Amino acid sequence: MAIVLHNSLTRRKEPLVTVQPGKVGMYVCGVTVYDRSHLGHAKSAINFDLIVRWLRYRGYEVKHVTNFTDVDDKIIARANEMGIDPLMLSSDMIREYERDMHKLKVKKADVYPKASETMPEIIAMVKGLVDKGFAYESHESVYFSVKKAVEYGKLSGQSLDQMVAGARIEVDEEKHDPMDFALWKAAKPGEIAWDSPWGKGRPGWHIECSAMCLKHIGPTVDIHGGGTDLVFPHHENEILQSEAYNGKQFTKYWMHNGMLTIGEEKMSKSLKNFFTIQDILAKYKPEVVRFFVLNATYSAPLVFDEDSLEESRKALEKLNNAYDAALSTLDKAKGDDDASRLCDEAWKKVEERLDDDFSSREAIATMFDFARETNRLIGDSRLSKKGAENVVQTFDRFNSIFDVLIKERQTFVTVPESAGTRDEVTVVRTGLSLDNVTKEELADDGRVKVWVEERSRARKTKDFAYADQIRKRLAELGIEIQDTKEGAGWKRK
RNA sequence: GCCGGGGUGACAGAGCGGCCAUGUGGCGGACUGCAGAUCCGCAUACAGGAGUUCAAAUCUCCUCCCCGGCCCCA
């Protein structure tokens with residue numbers, strides 16, 4: 001019953017015990033908005049979307065906060081190139097992000113704080129850190145002094161000595177220690193800047209998250225999420241700042257999602273090997289993208305390629321077919337199995353698996369078993385009306401968490417075979433011409449029905465060549481015909 | 001160099017002491033005029049070596065490979 005989750009901080013699975021019983025304060029690092037979001041960002045958002053949904057399903061009152069970094073070097077650089085205001089660029093990109101997320105059916109966070117709108121809190125925190133002796137001012141910038149930190153590297157396992165030994169650290173005469181990091185950066189001439197006790201400037205990267213967590217959740221957040229690429233230094237530094245400032249544990253459970261990779265390489269904006277969410281959605285349905293992401297372990301890297309997406313498409317189709325089958329059985333079920341045991345057991349298993357570190361992939365595997373059982377019941381006409389309802393309800397429940405099935409999709413419409421005489425067939429045929437059928441004409445369901453009937457008549461008279469021609473032609477025009485026990489059926493693809 | 005994660009059948013990818021993962025693909029069968037959908041069945045597994053155990057893909061040790069992080073990043 002209790003939820004168990006993998007904590008990156010302790011590197012083991014732990015039962016979820018929140019600061020306040022029944023409530024979860026959750027902060028997930030959002031994006032730096034200087035460009036359109038890519039599929040990697042979608043993965044992160046979808047992974048945490050499932051986690052939030054599951055926590056809520058389990059009765060937790062979740063406050064989900066995701067930030068937008070709308071002030072940073074890259075945004076400023078890009079905006080300068082374009083000759084526009086940095087905040088203009090970032091607000092445009094935020095709008096794009098929101099649109100993408102909406103399409104991907106990612107539930108909105110409760111708060112989307114922006115760095116630019118959190119300045120008073122950021123400055124207060126920086127000032128507090130200086131006052132407490134954890135930070136120092138240097139040339140109108142403020143740096144966090146890593147030497148003052150009690151527990152450096154508790155999340156990433158990095159130690160200061162090794163870091164320095166590993167070199168590749170730029171020398172900066174403004175810093176007392178090469179590993180010190182900026183809390184506040186003095187503005188360069190012409191840059192966007194805010195007033196502060198140290199002069200005009202803007203926040204360092206890490207401080208905004210610390211300030212936002214404190215402002216919107218409190219000194220201790222229950223779950224803090226983000227990509228594995230943020231573990232060091234971003235999350236490590238957040239811990240240093242927040243714990244120095246608040247004197248309390250900053251995050252109870254750290255959760256890190258694995259990177260989306262292209263081949264062996266991480267998909268990233270800087271490597272320029274990315275597909276934007278919009279690129280992908282032009283070719284694949286949002287449900288397929290969600291399925292692709294959720295049919296993997298959130299914490300592991302996920303390799304992206306078109307073949308995998310295609311495989312996801314097919315697999316999801318299979319699941320949706322079973323759902324469709326159950327839906328269309330609702331009003332014609334005549335068996336006596338109410339499937340209650342099947343449904344109860346399947347759903348119980350889904351719950352167990354999601355309770356265990358949100359194992360969405362395992363839950364999906366359960367649903368495939370469930371789909372197979374469902375298909376068998378329907379195939380043997382054993383499902384009762386109540387049974388069909390139960391099955392549909394189970395799929396609905398699953399879908400309320402995963403959002404990958406499409407309910408109102410076009411299901412197969414069966415056209416009863418009317419035994420036409422040879423004469424009738426001839427008459428009808430004279431009015432129909434395969435060569436002239438158009439897509440527009442077939443937009444009319446009645447017209448499609450005429451063709452399906454026509455094909456059925458042809459089959460009846462063993463004119464299979466003609467029947468196959470009809471099926472082929474209609475398929476080209478987006479109408480799929482399948483023969484079932486109840487007669488020929490069709491749907492739009 | 002340091003920190004972390006891995007090596008499972010054709011492929012993707014779970015499991016992490018004994019029990020069918022699951023999906024895609026392949027093969028055979030049922031149903032079909034054919035196709036599709038669906039069902040049934042089959043095959044190819046746990047990197048290598050040593051050890052612990054009644055029992056190991058799962059625990060221990062060693063070896064060999066791979067990936068991510070250490071500037072920005074979800």
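Per chain, numbering begins at 1; letters A, B, ... match sequence-line order. A quick note: this is a predicted structure, and the numbers were derived from the prediction, not measured.
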With [atom1] as the reference atom in both, quote the distance from [N] to [M] in angstrom, rounded to an integer.
| N | M | atom1 | answer |
| --- | --- | --- | --- |
| B:rU52 | B:rC39 | C1' | 45 Å |
| B:rC3 | B:rC42 | C1' | 46 Å |
| B:rA37 | B:rG25 | P | 8 Å |
| B:rG13 | B:rG5 | C1' | 16 Å |
| B:rC40 | B:rA21 | P | 15 Å |
| B:rU8 | B:rA45 | P | 14 Å |
| B:rC2 | B:rU58 | P | 27 Å |
| B:rU44 | B:rC16 | C1' | 23 Å |

Assess the residue pair A:Lys491 and A:Ile479 against the criterion (side chain to side chain contact (heavy atoms under 4.5 Å, CB included)); give the C-alpha distance rounded to whole Å, side-chain angles, the decisive distance to 0.1 Å, and a yes or no.
CA-CA 6 Å; A:Lys491 71 173 179 182; A:Ile479 306 291; over 6 Å; no

Within the supplied structure, the quantity of interest is the number of heavy atoms (other residues, nucleotides, ligands) at a distance under 6.0 Å from [X] [atom1]; does it exceed 12?
| X | atom1 | answer |
| --- | --- | --- |
| A:Lys154 | NZ | yes |
| A:Lys114 | NZ | no |
| A:Asp336 | CG | no |
| A:Lys107 | NZ | no |

With heavy atoms under 4.0 Å as the rule, sort [X] into base, sugar-phosphate or nothing.
| X | answer |
| --- | --- |
| A:Ile378 | nothing |
| A:Asn375 | sugar-phosphate |
| A:Ser299 | nothing |
| A:Lys462 | nothing |
| A:Val231 | nothing |
| A:Gly226 | sugar-phosphate |
| A:Phe368 | sugar-phosphate |
| A:His38 | base |
| A:Ser156 | sugar-phosphate |
| A:Gly258 | base |
| A:Arg455 | base |

Specify the separation, in whole Å, of atom [atom1] of [X] and atom [atom2] of [N].
| X | N | atom1 | atom2 | answer |
| --- | --- | --- | --- | --- |
| A:Asp369 | B:rU38 | CG | P | 15 Å |
| A:His206 | B:rC72 | NE2 | C1' | 10 Å |
| A:Glu208 | B:rC72 | CD | P | 13 Å |
| A:Asp463 | B:rG33 | CG | P | 15 Å |
| A:Leu316 | B:rU22 | CG | C1' | 14 Å |
| A:Glu310 | B:rG23 | CD | C1' | 14 Å |
| A:Met267 | B:rG69 | CE | P | 14 Å |
| A:Arg459 | B:rA35 | CZ | P | 12 Å |

Does [N] have its OP1 or OP2 closer than 4.0 Å to a side-chain nitrogen or oxygen of [X]?
| X | N | answer |
| --- | --- | --- |
| A:Asn257 | B:rA74 | no |
| A:Thr32 | B:rA74 | yes |
| A:Arg361 | B:rG15 | no |
| A:Arg376 | B:rC40 | yes |
| A:Asn321 | B:rU38 | yes |
| A:Lys491 | B:rA37 | no |

How about A:Phe398 and A:Phe370: are their ring centres within less than 6.0 Å of each other?
no

Would A:Tyr27 and A:His224 count as a close aromatic pair, with their ring centres under 6.0 Å?
yes

[X] side-chain proximity, nearest of [options]:
| X | options | answer |
| --- | --- | --- |
| A:Lys74 | B:rG13, B:rC72, B:rG33 | B:rC72 |
| A:Gln158 | B:rG4, B:rG33, B:rG69 | B:rG69 |
| A:Lys318 | B:rC39, B:rA74, B:rC72 | B:rC39 |
| A:Gln482 | B:rA35, B:rC72, B:rG25 | B:rA35 |
| A:Val303 | B:rG13, B:rC3, B:rC72 | B:rG13 |

Verify whether one side chain among A:Glu14 and A:His6 offers a donor that lies under 3.5 Å from an acceptor in the other.
no

Does the base of B:rC34 carry an N or O that pairs as donor and acceptor with the side chain of A:Arg471 under 3.5 Å?
yes

Please confirm whether any donor atom in the side chain of A:Asp468 sits under 3.5 Å from an acceptor in the base of B:rG33, or the reverse.
yes

Let me spell it out: for each of A:Leu155 and A:His234, pick the nucleotide of RNA chain B with the closest heavy atom. Which residue's pick is nearer the 5' end?
A:Leu155

Toward the 5' end of RNA chain B, which comes first, A:Glu311 or A:Lys13, by nearest nucleotide?
A:Lys13

Minimum heavy-atom separation for A:Asn320 and A:Ile406, please, with both atom names.
ND2-N, 3.1 Å

Residues A:Arg471 and A:Asp468 bridged, charged N to O under 4.0 Å:
yes

For the side chain of A:Asn257 and the backbone of A:Gly227, is there at least one donor-acceptor N/O pair under 3.5 Å apart?
yes

Stems in RNA chain B, runs of 3 or more consecutive Watson-Crick or G-U wobble pairs with both distances under 3.5 Å, sorted by first number, are B:1-7 with B:64-70, B:10-12 with B:22-24, B:26-30 with B:38-42, B:47-51 with B:59-63

